[in-house]
Amino acid sequence: MSVVSISSVNKIFGKPGENQTIALKDIDLQIEQGEFISLIGPSGCGKSTLLRIIGDLISPTNGTVLVNGKPAPQARENREYGIVFQAPVLFDWRSVEKNVQLPLEIMGKSPHERTARANEMLELVELNGFQKHYPYQLSGGMQQRVSIARALSFNPPLLLMDEPFGALDEITRERLNAELLDIWSRTKTTIVFVTHSIPEAVFLSTRVVVMSARPGRITQIIPIDLPQPRSGETRESPRYYELITQVREGLRGGEGMKE
Amino acid sequence: MTESTLPGALVKNTEDDVMDTLGADVSVPPPDRSRSLGMMLLRFALVFVFVIVLWEGLKFIGGTPWRFSTNDGALFNFTWFPPFPMKFASDLNMPHLWDIFGAFIQPAQRNGPPLIQVLAQAAVVTMQAALAGFVIGTLLGLLLGTIFAHSPLLERALVPYVVASQTIPILAIAPMVVVWLKAGWWSVALLAAYLCFFPVTINTLRGLRSPDPRAIELMKSYAASRWTTLWKVRYPSALPYIFTALKIAATTAIVGAIIGELPSGLGEGLGRVILNFNSEYAIRPHKLWATILFTALVGILFFVTVILVERVMTRNMRKLES
C-alpha cells in the first residue's frame with residue numbers, strides 16, 4: 001500500500017464565472033514507504049498547493065488523496081504527518097524544548113514522556129543542550145532544526161516539507177541537507193519535499209517530480225539512482241551532474257510546451 | 001568511504017562553528033539596560049527636573065512680581081520684577097511650584113486635615129471604582145474581541161456599534177447611568193468600564209488574528225481544536241496587543257471614574273475634589289494644580305502596574321517590543 005496515493009486531482013482557485021486559476025491539473029502520484037520525493041518546478045506550478053492538499057490543509061476541487069489508505073482529512077485527524085514550512089514558525093514565548101513538545105502536549109502525552117521525547121528529538125537534530133533556550137537566541141538554521149524536531153516529535157509516518165531550507169544561506173542549506181538525509185535514514189520516515197533548487201532535489205531524493213506551471217501538472221518523474229548514503233562525495237560524482245542536467249531539461253521541456 | 005565523510009560527521013564539524021560564534025553555552029543576552037525600571041525612573045526624574053527649570057524660568061522672565069524674603073524680612077527682603085511680564089505666566093495661570101507643592105501640606109479647608117490627606121482618601125475611593133471598571137472593561141473587551149475574532153459575521157454586525165459607543169461623549173451618558181443605577185460606586189465603575197472596553201476589544205481582535213497563518217495550519221496538522229489553538233497560539237500571540245490596550249485602559253479608567261463621579265454627586269472621590277477646587281481656581285489656583293498633579297500620579301501608578309505585569313508575562317517575546 002502506498003503511503004500517499006493521489007489520483008486525478010484538480011485544484012481550481014476562484015469561484016466559477018470569475019477569474020479562475022487552474023492550480024493543479026490531472027495529478028496522479030504514488031509515493032511508497034520510505035521514499036524521499038521532491039516536488040520541483042517554477043513558481044506558480046502548484047507544488048506547495050499539492051503538498052497542502054496531501055496534508056489536508058486545503059481540499060482538492062476534485063480527485064482523491066489517500067494517505068496510508070485513508071482519505072487525507074482522516075489522516076490529518078489521526079496525526080499521520082508532520083509539517084515543516086519555509087519559515088520555522090516557532091512560538092517565541094516557548095523555549096526550544098516546549099516548542100518541540102507542543103504537538104505532544106496537544107495529544108495529551110504525560111510530561112515525563114514529552115520531556116524524554118523532546119530530548120531524543122533535539123539529540124537527533126544535534127541541538128542537545130539548547131532545551132532551555134528561546135527561539136530568538138538561535139540562528140536561522142538552528143531554528144529550522146527545532147522546527148524539524150517538532151514535526152518529528154510524535155513520530156509521524158509522513159513528513160511534509162515546504163521549501164524548508166529556502167530562506168537559508170547556501171552553506172547552511174548544504175549542511176542541513178546532509179543532516180536531513182541522516183535523519184531520514186535513521187527514522188525511515190517517508191518525506192515529501194518541495195523545493196526550487198535543482199541540486200538540492202537531486203542530492204536528497206529517491207525520485208524527483210518535475211512540475212510545470214499554468215496549469216500546474218506533473219511533466220516528468222525522474223528516479224535518482226545515486227548510491228546511499230549520500231555525502232560530499234556524491235556532489236562531486238559525474239552521475240550527480242548528469243541527473244542535475246536531466247532535471248533541468250525536464251523543467252525546460254515543461255516550459256517549452258507552453259511557449 | 002571513510003567515517004569522516006559521512007553526512008552526520010560533516011554536519012557536526014561545521015555546526016560547531018555556529019555554536020562557537022554563539023558561545024558554547026549560548027548565554028542569554030544581557031538585559032537591555034535602557035529598559036530597566038531604574039533607568040525608566042531616572043529618565044522620568046530628568047524630564048521632571050527639566051520641566052521644573054522651564055516652569056520657574058518662565059516665571060522668572062515673565063511672571064508676576066514676587067518678594068524674596070526670610071520670614072521676618074531681616075536677612076534679605078527684595079521684590080523681583082520679571083523683565084517681560086506675560087499673561088500666561090502670571091501667578092493665576094502658572095502658580096509657583098513652591099506654592100503648588102506647598103499646597104499639599106496646607107489644610108484643604110480651614111482647620112481641616114492637610115490637602116495631601118484629603119487627596120489620598122479621595123484617591124482610594126476613585127481608584128477602587130477605577131480598578132473595578134478596569135477589570136470589568138477588560139473582561140468585556142477580551143470576551144468581545146474573542147467572539148469577533150471567531151465570527152466575521154458578528155464582527156461586521158457589531159463592531160460599528162462598538163465604535164459608535166465611543167463617539168458618544170461620556171459626559172452625556174454619565175447622568176443616565178447614574179439615574180439607572182442610582183448614584184453610587186457601581187455607576188462610577190461602569191462608566192470607567194465603558195471607556196476601558198473599547199481599546200481592549202479592538203486590540204484583542206487584532207491580536208487574535210495576528211499569528212502567522214502557518215502557525216494556524218501547524219495546529220490544524222496536529223488536529224488541535226479551536227479552543228486549544230485559541231489558548232496555545234492565539235492568546236499568547238495577542239498578548240503584546242492586549243497589553244498595549246491595557247496601558248490605554250489603565251489611564252482611561254481613572255479619567256472615566258473621575259468623570260463618573262461628577263454627576264453622581266458622590267462626595268468622596270477625586271471628582272468632587274476637582275470640582276471644589278475648580279470653583280476656587282480664581283483665588284487659589286495652586287490647590288487645583290496640586291490636585292491635578294496628584295491625579296496624574298494615580299494614573300501613572302495604574303500604568304506602571306500594567307507595565308510590570310506585561311514585563312513578566314511577555315519576557316521571552318520580542319515581537320512588538322519597543
Side-chain angles (χ1 to χ4, degrees), chain A residues 52 55-58 76-79 81-87 89-95 102-107 126-127 129-130 132-139 141-142 145 147 150-151 154 156 160 162 171-172 174-182 185-186 229-234, chain B residues 1-30 210-229 231-240 312-321:
Chain A
R52 269 154 215 264
D56 186 44
L57 295 175
I58 52 175
R76 181 173 64 79
E77 288 296 323
N78 289 357
R79 291 145 176 161
Y81 68 88
I83 191 160
V84 178
F85 295 104
Q86 181 171 357
V89 200
L90 299 178
F91 299 109
D92 348 335
W93 57 90
R94 286 175 164 257
S95 63
L102 178 68
L104 303 169
E105 231 172 87
I106 293 167
M107 291 166 201
E126 315 219 359
L127 279 178
F130 287 85
K132 304 292 179 203
H133 285 72
Y134 280 85
Y136 72 89
Q137 296 169 309
L138 306 183
S139 68
M142 291 162 106
R145 276 148 59 195
S147 166
R150 178 178 59 189
F154 53 105
L160 305 177
D162 192 357
I171 298 160
T172 313
E174 284 198 3
R175 188 190 303 151
L176 287 187
N177 280 345
E179 194 171 330
L180 180 62
L181 277 185
D182 186 43
S185 68
R186 284 205 260 167
R230 292 171 191 170
S231 67
E233 284 175 13
T234 310
Chain B
M1 183 181 295
T2 58
E3 181 77 12
S4 65
T5 55
L6 278 172
L10 187 82
V11 169
K12 208 175 173 96
N13 291 340
T14 37
E15 196 55 42
D16 281 342
D17 298 337
V18 174
M19 296 200 184
D20 279 344
T21 57
L22 285 161
D25 290 301
V26 183
S27 54
V28 180
S210 71
D212 187 334
R214 286 164 302 187
I216 303 301
E217 286 188 332
L218 208 57
M219 294 302 280
K220 209 178 158 190
S221 82
Y222 306 144
S225 66
R226 264 186 166 203
W227 196 241
T228 309
T229 307
W231 280 111
K232 295 215 186 277
V233 178
R234 290 192 189 272
Y235 276 132
S237 306
L239 272 184
V312 173
M313 288 187 73
T314 62
R315 62 190 176 278
N316 292 311
M317 299 176 73
R318 293 210 305 177
K319 245 192 275 176
L320 276 175
E321 269 187 13

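Here is how names work: the chains are called A, B, and so on, in the same order as the sequence lines, proteins then strands, and each is numbered from 1. Remember, it's a predicted structure, so these values are computed and weren't measured experimentally. Worth knowing before you read on, the calculation uses all heavy atoms, side chains too, and leaves out hydrogens, waters and symmetry mates.
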Chain B interface, residue from A:E77, A:M107, A:R150 that has the most non-hydrogen pairs under 4.5 Å: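 Heavy-atom pair counts peak at A:R150.
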Approximate separation, where rounding is to 0.5 Å, of B:E217 CD and A:R52 CZ: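 Answer rounded to 0.5 Å: 4.0 Å.
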So for [X], is it side chain, backbone, both, or neither that comes closer than 4.5 Å to the heavy atoms of chain B?
X      : value
A:A151 : neither
A:L102 : side chain
A:D56  : backbone

What pair of heavy atoms forms the shortest contact from [X] to [Y], and how long is it?
X      : Y      : value
A:L57  : B:S221 : CD2-N, 4.5 Å
B:K232 : A:W93  : O-CZ2, 3.3 Å
A:R76  : B:K220 : NH1-O, 2.9 Å
A:F85  : B:L218 : CE1-CD1, 3.9 Å

Max heavy-atom pair count under 4.5 Å with chain A, selected residue of B:L239, B:T228, B:V233: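 Max contact count across the listed options: B:V233.
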Closest-packed option against chain A by number of heavy-atom pairs under 4.5 Å, given B:A215, B:A223, B:A224: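 Answer, by heavy-atom pair count under 4.5 Å with chain A: B:A223.
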A:I106 and B:M219, any side-chain heavy atoms less than 4.5 Å apart: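 Contact flag for B:M219/A:I106 side chains = yes.
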